[in-house]
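Okay, structure first, notes after.
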Amino acid sequence: MKRYNPKVIEPKWQAVWEKSKIYQATEDKTKPKRYVLEYFPYPSGAAMHVGHVRNYTIGDAIARYNRMRGDNVLYPMGWDAFGLPAENYAIKTGISPQEAVAKNVENFKQQLMQMGFSYDWSREINSTDPSYYKWTQWFFLLLHKRGLAYQEESLQWWCPFDKTVLANEQVEDGRCWRCGNLVEKKALKQWFFKITDYADRLADDLDNVNWSEAIKAMQRNWIGRSQGAEIDFSIYEKEKKECLVVHGVSGHKRENWFPWLKSTLGSKNWIVKVPNMPTPDHPKIEEWNKTLLGEFEEGAIIAGHSLGAPAALNLLQTANKKADGLILVAPVNPRQDWRHLKLKYPEVNWDAVRKFAEIKFDWEKINRLAGRITIYYSDNDKYISVSSIDFYKKHFPNATFKFLIGKGHFNESSGMTEFPEIIDNIEPKIKVFTTRPDTIYGATFLVLAPEHKILNKLSISKEVKDYIEQAERKSEIDRMETEREKTGVFTGVYAVNPANKEKIPIWVADYVLPGYGTGAIMAVPAHDERDWEFAKKFDLPIVQTFDQKDADPKQAYTGEGIVKNSGKYNGMTTSEMRENVVKDLAKRGQAKEKVNYKIRDWLISRQRYWGAPIPIIHCPKDGAVAVPDKDLPVVLPEIKSYEPSGDGHSPLANAPEFVNVKCPKCSAAAKRETDTMDGFACSSWYFLRFADPHNDKKAFDKTKVDFWLPVDDYIGGAEHAVMHLLYARFWTKVMYDEKLIDFDEPFTTLRNHGMILAPDGKKMSKSWNNTIEPDNLIKQGYGADSIRLLELFIGPWNQSAAWSVEGLGGTYRFLQRTWTLIQEFLDEAKSKKQKAKSIGHNAELETQIMRTVHKTIKKVSQDMQELGFNTSIAALMEYVNNLYKLKSKHNFTLASEAWKDALIALTQLLAPFAPHITEELWAELGQSGSVHVSNWPAWNEELVKEELITIAVQINGKVRAELLLPADVTEEEAIKAAKNDEKVAKNLAGKKVKKAIYVPGRLVSLVI
RNA sequence: GCCGGGAUGGCGGAAUUGGUAGACGCGCGGGACUCAAAAUCCCGUAUCCGCAAGGAUGUGAGAGUUCAAGUCUCUCUCCCGGCACCA
């Protein structure tokens, strides 16, 4: 008898399959298509372990099963080969990433090959191939064209070890997802993809895909949509509010924002004074000051324009009274040279003006008295030449400096509706975001993030400034870590609750995050745990605005209930009030409905070499210009040093021949963008390229993609839950909007396999030294087939399990038994002596064999439909056991048709799991072609049905007997037979049967 | 804390979706073959009582619905994964 030797048959069939190309897919429209795909792997140089292999084994079983079922299966493989490992390797060894990747691909492919996976290798792609990343760049430009790729300078996560920025998704617990080092914040100009524009669709369309609840929940959570309202809280001002406007040398008539300010503030019950200076065109400081002193009351806001600015400063220091704010618009530097102005404004008495330069300013005093200081500059060059930013910056280090862009000044024709910023500074508002506007009457204080911009406008003490500074210095990680005892300080400033008009304190605390919502909250300690904690610690008032059933009075009530302490809303449910109060506040312009998201735009630029170059040219005249399509791909040049500089530039910046180019628009000397794209850009569309992998005219042909896509079975671990899977969905939607494809979700069904742990129950990893590699197991003689079998048999495919060394012996033994069973048949069939006796003489035995066959076909087919690999394999083991039993129980000739049919069916049913042994046995059984393209066997329902069935008899729910009855037994007969059974009769013993239930084919239940 | 998923023999796991709990595999025990070992084959294997026939208990805990619950409902405990001061 031939021995089962996987070392011989496995390489043999792998070579045959490669040659015969039986796994190549074509757009054959006569068969239903099925696209089976695993996440395309990073081709690492190391050996795969059995955990990696499970992914592919699952995909291959699905692909093979469906191929045999008659589907047109696309099952491709490719390489996601950009990224840091190859680049870091290059830095260490000097071997170029191009070279290292080619070697790794070869290594990885060989390992997949020896497992016998049925990939269509004619469609192999590699993300680092210029013919591939050409189209990644093309998609970048598509996003750019659609306004979805933009550049912005901002604080970004920076990994000091990998020396590159990271997307939010790539920071885990304050550490780099790749190297695990703590990340920092760094201000850099970076490219972003505007994934936030798609936040709603990305969240909503999760309802339309067949993914696990876990992954969908992770994505929803990451997108973090929350419905709420934005509400304005104004800063509290004392009863009588006053604004003193000091106009400039050219007089109030021309500066038409005075009347506008007067009417705007006047309508809000402000007193606006615009004193008419005695001689506007011939300023005499003493007279001006006399007039102003008469009008100025302590606590007013002073607004000075142009030459009115030094006049206002003079007023402050001579009046020696505190102002509530100082606003300087286009302020004149009294010390400056007036000569060129003389030419422009000859009518002005410049000798008089020069007198302002003689004033001695006590800057410390002015700073102390001024309150919050805001200084506006105009971009109108007339004014820039007059006013001096440096001068004022030097003397007002804590002031806010702003440009007023283009509007308003000297615009005598249009009505004055400009300078809303000035109003904001006179009467600043704080916007808060809340999901519980129904608790607004309980908002007893406001809390600002330390980074909140309005803090620059408020007059705050040193203590508060110190707190802000210290909070900003604390890294984000520190702010996220540990027990987080609440800290904060009172700003000394109050706000007005727009609902009940109550004066509430404004606090600064780092538990409010600057990046979410408006960076400010209305704190409702009675109904929010964090606010509760804060209020308890700092002894702030807690006002309940609803009652909640079964609530713990020592905690915040965060549920729903009936509203109280809320004026006209009392008695409503919280959800009713939620709607009403926002509507009411909106009528007064103090609130609006608002949806907020946690997701941020996708930061895609990387300051590293080994990635697809961003196809942009920076021109001093035209700005960021797209590389024209005809110039794609922008090929990554071979360079000498791969070391990133760490100063925010990629190593490409040191390649002048790459950097220095001409602007495609104006041909001026320009510079190429030197950042490369995040590797996730390449993996956001590779599944489309597989449909048309060699197209050099387009990224893909639409009809081909529409034929194969979306992916029917996408198989992979949960590690991509929010990164790759979100990005790929985003790109797909953009392409759908661009009408490049006809679907907007790329992966219909996502299948998250469970992990294979090491036999010790720990995660398999090199550092634990507990990895198990198929490579070794194959060398030991187990063969790919028994490894594959165990990968699936070890438990449900979507559940984790520890690898079992003994278990592998089990699946190997099973294959051995299968092999032997068929060899025995072959040996006997060959020996002519036995030929005379046939199984055909024993019809009953033949039927018995066929029943076993058809029951197994049915069981395996049904289990495979639900991906029940483990139970399918169990059924096949049982089947082989049964065949052995039949063989030993009944002494018959194996060389018969029925027996042969049973064995043929066995090779087919086992083929998706153990492709090599089944192919070998299929051939030995004399079948033509490949078992893998044979038709999956069908079962005959007649043969599946049993003639006799076992019926259990329960008395009061306890099984007391088993009956063997004909399959077509009626209810009456079954119940009668049950009562007549000896054991049952004994149990009934004269008691009356109150109720008898018959479950067809299963049991009789008697109640006594 | 919130979200998602779990808990069944010594172990991995089955159970037609409310109908005989423990399929299949591992491990273990016994036997056959062998001088012996390995390999292979056969038998047994939830727990407790019993020589057996048989009986009792049993799916994380507790309650409930039902003729019947691993499966449905409620309460709780523990484990795994994700998120985490997101207002």
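The chains referred to below are lettered A, B, ... by the order of the sequence lines, with proteins before strands, and numbering in each begins at 1.
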By nearest atom, which of the nucleotides [options] is closest to the [X] side chain?
X: N870(A); options: rA14(B), rA87(B), rA23(B); result: rA14(B)
X: E213(A); options: rU20(B), rG4(B), rG19(B); result: rG4(B)
X: M218(A); options: rG82(B), rG13(B), rA87(B); result: rG82(B)
X: L1003(A); options: rG4(B), rG19(B), rA23(B); result: rG19(B)
X: E962(A); options: rU20(B), rA87(B), rU40(B); result: rU20(B)
X: Y516(A); options: rG12(B), rA23(B), rA87(B); result: rA87(B)
X: N221(A); options: rC85(B), rG19(B), rC83(B); result: rC83(B)
X: M877(A); options: rG25(B), rC26(B), rA68(B); result: rG25(B)
X: R817(A); options: rU20(B), rC41(B), rC67(B); result: rC41(B)
X: K598(A); options: rG13(B), rC83(B), rA23(B); result: rC83(B)

Under 4.0 Å, counting only non-hydrogen atoms across every strand here, what does [X] touch: a base, just sugar-phosphate, or nothing?
X: A214(A); result: sugar-phosphate
X: R960(A); result: sugar-phosphate
X: R813(A); result: sugar-phosphate
X: G224(A); result: nothing
X: D531(A); result: nothing
X: K958(A); result: sugar-phosphate
X: T434(A); result: sugar-phosphate
X: T950(A); result: base
X: I794(A); result: sugar-phosphate
X: S212(A); result: nothing

Suppose you measure atom [atom1] in [N] against the same atom in [M]; what distance do you get, rounded to whole Å?
N: rC79(B); M: rU40(B); atom1: C1'; value: 41 Å
N: rA69(B); M: rG58(B); atom1: P; value: 11 Å
N: rC3(B); M: rA56(B); atom1: C1'; value: 44 Å
N: rU8(B); M: rA23(B); atom1: C1'; value: 13 Å
N: rU73(B); M: rG18(B); atom1: P; value: 11 Å
N: rG81(B); M: rC85(B); atom1: C1'; value: 22 Å
N: rA84(B); M: rC67(B); atom1: C1'; value: 49 Å

Taking all non-hydrogen atoms of both residues, which atom of [X] and which atom of [Y] are closest, and how far apart?
X: A471(A); Y: P450(A); answer: CB-CG, 3.6 Å
X: Q590(A); Y: P498(A); answer: OE1-CB, 4.0 Å
X: I195(A); Y: D601(A); answer: N-OD1, 3.2 Å

(message) Once hydrogens and angles are ignored, does a donor-acceptor distance under 3.5 Å link the base of rG19(B) to the side chain of Q954(A)?
(response) yes
(request) Answer yes or no: side-chain N or O of K486(A) and base N or O of rC85(B) forming a donor-acceptor pair under 3.5 Å. (result) yes
Can you check whether [X] has a side-chain N or O nearer than 4.0 Å to OP1 or OP2 of [N]?
X: Q799(A); N: rG13(B); answer: yes
X: R1002(A); N: rU20(B); answer: yes
X: N881(A); N: rG25(B); answer: yes

(message) Closer than 4.0 angstrom, basic N to acidic O: yes or no for K859(A) and E878(A)?
(response) no
Any strand: nucleotide that pairs with [N] via Watson-Crick or wobble, under 3.5 Å:
N: rG22(B); result: none
N: rU16(B); result: none
N: rC83(B); result: rG1(B)
N: rG9(B); result: none
N: rA56(B); result: rU47(B)
N: rA37(B); result: none

(request) Please say whether the positively charged group of R729(A), taken as NZ for Lys or CZ for Arg, lies over the ring of W222(A), i.e. under 6.0 angstrom from the six-membered ring centre and within 45 degrees of the axis. (result) no
(message) Keeping K537(A) on the side-chain end and K486(A) on the backbone end, is there a donor-acceptor pair under 3.5 Å?
(response) yes
(message) Between N596(A) (side chain only) and Q227(A) (backbone N and O only), is there a donor and an acceptor less than 3.5 Å apart?
(response) no
(request) Please test Y516(A) against S226(A) for side-chain hydrogen bond (donor to acceptor under 3.5 Å, both in side chains), starting from the C-alpha separation and ending with a verdict. (result) CA-CA 11 Å; Y516(A) 184 78; S226(A) 56; 2.7 Å; yes
